[in-house]
2 protein chains.
Amino acid sequence: MSCESATALALKESGHRPTPQRLMILSAVRHTPGHVTVVQIVEQIKESYPFIDPSTVYRTLAVLKEMRLVSETDMGAAEAVYEWIGQARHHHLICRMCEGVTLLEDSHLDGVSAHIRQNHGFEADFDHFAIFGVCKKCGEEADNE
Amino acid sequence: MSCESATALALKESGHRPTPQRLMILSAVRHTPGHVTVVQIVEQIKESYPFIDPSTVYRTLAVLKEMRLVSETDMGAAEAVYEWIGQARHHHLICRMCEGVTLLEDSHLDGVSAHIRQNHGFEADFDHFAIFGVCKKCGEEADNE
DNA sequence: CTAGCTGCAAAGCGTTTGCACGATG
DNA sequence: CATCGTGCAAACGCTTTGCAGCTAG
């Protein structure tokens, strides 16, 4: 077991069964640095268990999302990306011209969530944010035209 | 003509034709306070021009988006929402429990875009942001359990 | 035994694309 | 007249759902 056992317990306590499929999905998300898509999860699990179905992955991710163990983000692409919550928070700057992705440390948004909490009583999910715009390179190239 | 003429000119100058359909789409987005969906735009235009096609709306919105005249936002629902850019900037706090939407003034994010620009040379599109979380009401109800 | 979970298949939905016709400059 | 834009219809891809069988508490 090891590091998954705690999560298995959390599943049980919230009334969900820690099935093999769920643990595999959990493990796939947990041990993938950065983002995972449903397709990637399926492919990874298929290596050891070829019968895994995308619908199972979607259903499990819905549970994990509800438990706030994984985050779902729409990066502008067709499919959503998922990520394990609990590691160093970070966000992404997505360039709308070259579609490049830059990392953004969480510290930039620290104050914002505090403001929002004070003024609106709203607890913002600042786990993982997708910010669109124009990156340095593309901005400079546009200036040179 | 009136307030649409300037935009028609902008279309022309960027190599696009200001067709009746485009002007109608433009007008629908321009004169709708808040968000519009593609379906809403189509329904609105159908009252005066029943032949309008969703694909035309999508194609036009792509042009307007590229020209930075409208913004596209994924609010977590199935369809994207569009909004005219240039009015008072604002953002939305979307509760993941009751799905209610609260308005957030732009001032909260003023400093953030400046930070991002300085540290990363990244010009963030802070026109319109969707921030997910838990609203005051739902947060309090959860505490009472 | 009862409830929950899975895989399969099919449907659902917003969005995109191919194409021929029409409009525009 | 050459280009661009349109409507129509079909395709597309991600996601969801219905269902029968299986599994676990």
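Heavy atoms only: backbone and side chains are in, while hydrogens, waters and symmetry mates are out. Chain A is the first sequence line, chain B the second, and so forth, proteins listed ahead of strands; every chain is numbered from 1. What you see is a predicted model, and the numbers here were worked out from it, not measured in a lab.
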Output a table of donor-acceptor pairs, distance under 3.5 Å, between side-chain atoms of residues 40-49 of chain A and any protein atom two or more places apart or on a different chain; print 'none' if there are none.
residue, atom, partner, partner atom, Å
A:Gln40, OE1, A:Thr37, N, 3.0
A:Ser48, OG, A:Ile45, O, 3.3

If hydrophobic clusters are built from ILVMFWY residues whose side chains come within less than 4.5 Å, do A:Ile85 and B:Phe132 share one?
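Different clusters: A:Ile85 never reaches B:Phe132 through Ile, Leu, Val, Met, Phe, Trp or Tyr contacts under 4.5 Å.
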Based on the rotation axes of five pairs at each end, what angle does the helix from C:dC1-D:dG25 to C:dG25-D:dC1 bend through, to 10°?
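Roughly 30°, once rounded to the nearest ten degrees.
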Partner set under salt bridge (charged side-chain N to carboxylate O under 4.0 Å, His left out) for [X], not counting sequence neighbours:
| X | answer |
| --- | --- |
| B:Lys65 | B:Glu72 |
| B:Arg117 | B:Glu123 |
| A:Lys12 | none |
| A:Glu66 | none |

Under the side chain to side chain contact (heavy atoms under 4.5 Å, CB included) test, which residues partner [X], sequence neighbours left out?
| X | result |
| --- | --- |
| B:Thr102 | A:His120, B:Leu93 |
| A:Ala62 | none |
| A:Ala10 | A:Met67 |
| B:Thr56 | B:Gln21, B:Ile25, B:Ile52, B:Asp53, B:Thr60 |

[N] [atom2] sits how many Å from [X] [atom1], rounded?
| X | N | atom1 | atom2 | result |
| --- | --- | --- | --- | --- |
| B:Ile41 | D:dG7 | CD1 | C1' | 17 Å |
| B:Gln21 | C:dG22 | CD | P | 14 Å |
| B:Arg22 | D:dG7 | CZ | P | 11 Å |
| B:His16 | D:dT3 | NE2 | P | 16 Å |
| A:Asp74 | D:dT15 | CG | P | 9 Å |
| B:Leu11 | D:dT6 | CG | P | 10 Å |

Near DNA chain C, counting only heavy atoms under 4.0 Å, which residues of residues 47-66 of chain A show up?
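A:Tyr49, A:Phe51, A:Ile52, A:Asp53, A:Ser55, A:Thr56, A:Arg59 - these, ordered by number, are the residues of the stretch whose heavy atoms sit under 4.0 Å from the strand.
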Other residues, nucleotides, ligands: >12 heavy atoms within 6.0 Å of B:His115 NE2:
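Count not over threshold, so no.
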So which protein N/O to nucleotides 23-25 of chain D N/O distances come out below 3.5 Å?
none

